[in-house]
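Residue numbers start from 1 in every chain, and the chains themselves are labelled A, B, ... in the order their sequence lines are given, proteins ahead of strands.
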Amino acid sequence: MRRPQGRTLIFGHTFEENVRRIKLVVLVALAVVGLAFLGCGSPTPKRPLELTVLHTNDTLGSTEPCG
Amino acid sequence: MKEVRKTSENVLLLDGGNTIFPGDRPLVQQTQGQVIVEAMNLLGYDAMVLGSEDFRLGLDVLRQRMEEAEFPILSANVVMAGTDQLFAAPYVIKKIGDHKAAIIGLTSEEAANATGGAIVVLDPLEALQDSMDEVNKEADVVIVLSNLGTATDMQMAGEVQGIDLIIGGGSRDVLDPPLWDELSSTVIAQAGYQGEWIGVASLEMDDQGAVVGHKGAVVPLTEEFADDSEMRAFLDQYK
């Protein structure tokens, strides 16, 4: 592959090519951290539950005031 | 209800049926149960089951009341005669905290007599098992709204695995405290009749939705409880 003329080569690539590669690595790393933070890939543990159920039945149309 | 909602984070308000039918109440007769549905909307009910008495309104009126309700009116075992089409939604699933609770409705067989054969009431335990097979894919808490009476509720707790709470109706029992089926870890509650009591069932569940502790009571609505001003104003508009 022909390299751009007049550019400094580092590890056999131009400066711009290395910057692009570093950006890509940083983006992938951020995505992995983000997914881990959101809990993707493993189920979020549930917390115990305290549930209160208020209930009525057989009211048969009662609209009388209580008492 | 308002007090409990203020002090508790996860609260459901449920009804075990035979509630819309007017009985001998003139205002409810005059409105064909509409005033009751509007009052239940105001109270913020989460679900109710169709009781056999509710079918005495007739199917057309009952459908109208169901449309007006801002909460699901359930029945997993009533189908239109000659079809396999359910008359109402069989269940609803509600998210509570990190959990999902399925609320399934079951109607007693007397409903068929009230409609002159327009509906067929299926075996409630078979219908329940069908619904359980569906809701178990999604929900980890199962509540059955049963209009079948306490004897059948006890049988149900013993025969159908995985029910956490049965809110009963139909037999007008004051279960204070609620019954507890040790083998199946099912709480069975019912709160009397004619609006004279309200039941309170508190369940403590582990991270998998299994009942690990429970307490409950049926509270008589004596004159110690003042009329709610909002409800009084609502009823006064019908005078």
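At least one donor-acceptor pair under 3.5 Å links the side chain of A:Asn57 to the backbone N or O of B:Gly192.
Against chain A, the residues from residues 140-153 of chain B that qualify, each with a non-hydrogen atom under 4.5 angstrom away, are B:Asp140, B:Val141, B:Ile143 in number order.
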Carefully, step by step, assess B:Asp15 and A:Thr59 under the rule side chain to side chain contact (heavy atoms under 4.5 Å, CB included).
-> CA-CA 9 Å; B:Asp15 187 89; A:Thr59 311; 4.0 Å; yes

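Other residues, nucleotides and ligands place no more than 12 heavy atoms under 6.0 Å from the OH atom of B:Tyr193.
Considering only heavy atoms from C-beta on, B:Phe21 comes within 4.5 Å of A:Leu60 through its side chain. Side-chain contact between A:His55 and B:Ile198: absent, with no pair of heavy atoms (C-beta onward) separated by less than 4.5 Å. Using a 4.5 Å heavy-atom threshold, the side chains of A:Asp58 and B:Thr19 count as separate.
With chain A as partner, the option from B:Ala210, B:Gly17, B:Ser171, B:Gly213 having the largest number of non-hydrogen pairs under 4.5 angstrom is B:Gly17. The most heavy-atom pairs under 4.5 Å with chain A, out of B:Gly33, B:Gly51, B:Ala39, B:Gly170, come from B:Gly170. The candidate from B:Met48, B:Gln208, B:Gln194 with the greatest count of non-hydrogen atom pairs under 4.5 Å with chain A is B:Gln194.
In this structure, chain A has heavy atoms under 4.5 Å from both the backbone and the side chain of B:Val200. Contact annotation for B:Ile167: only side-chain heavy atoms (C-beta onward) come within less than 4.5 Å of a heavy atom of chain A.
When the side-chain hydrogen bond (donor to acceptor under 3.5 Å, both in side chains) test is applied to B:Ser108, the partners found at least two apart in sequence or on another chain are B:Ser52, B:Glu110.
With respect to B:Asp98 and A:Arg47, a salt bridge is recorded, a charged nitrogen being found less than 4.0 Å from a carboxylate O.
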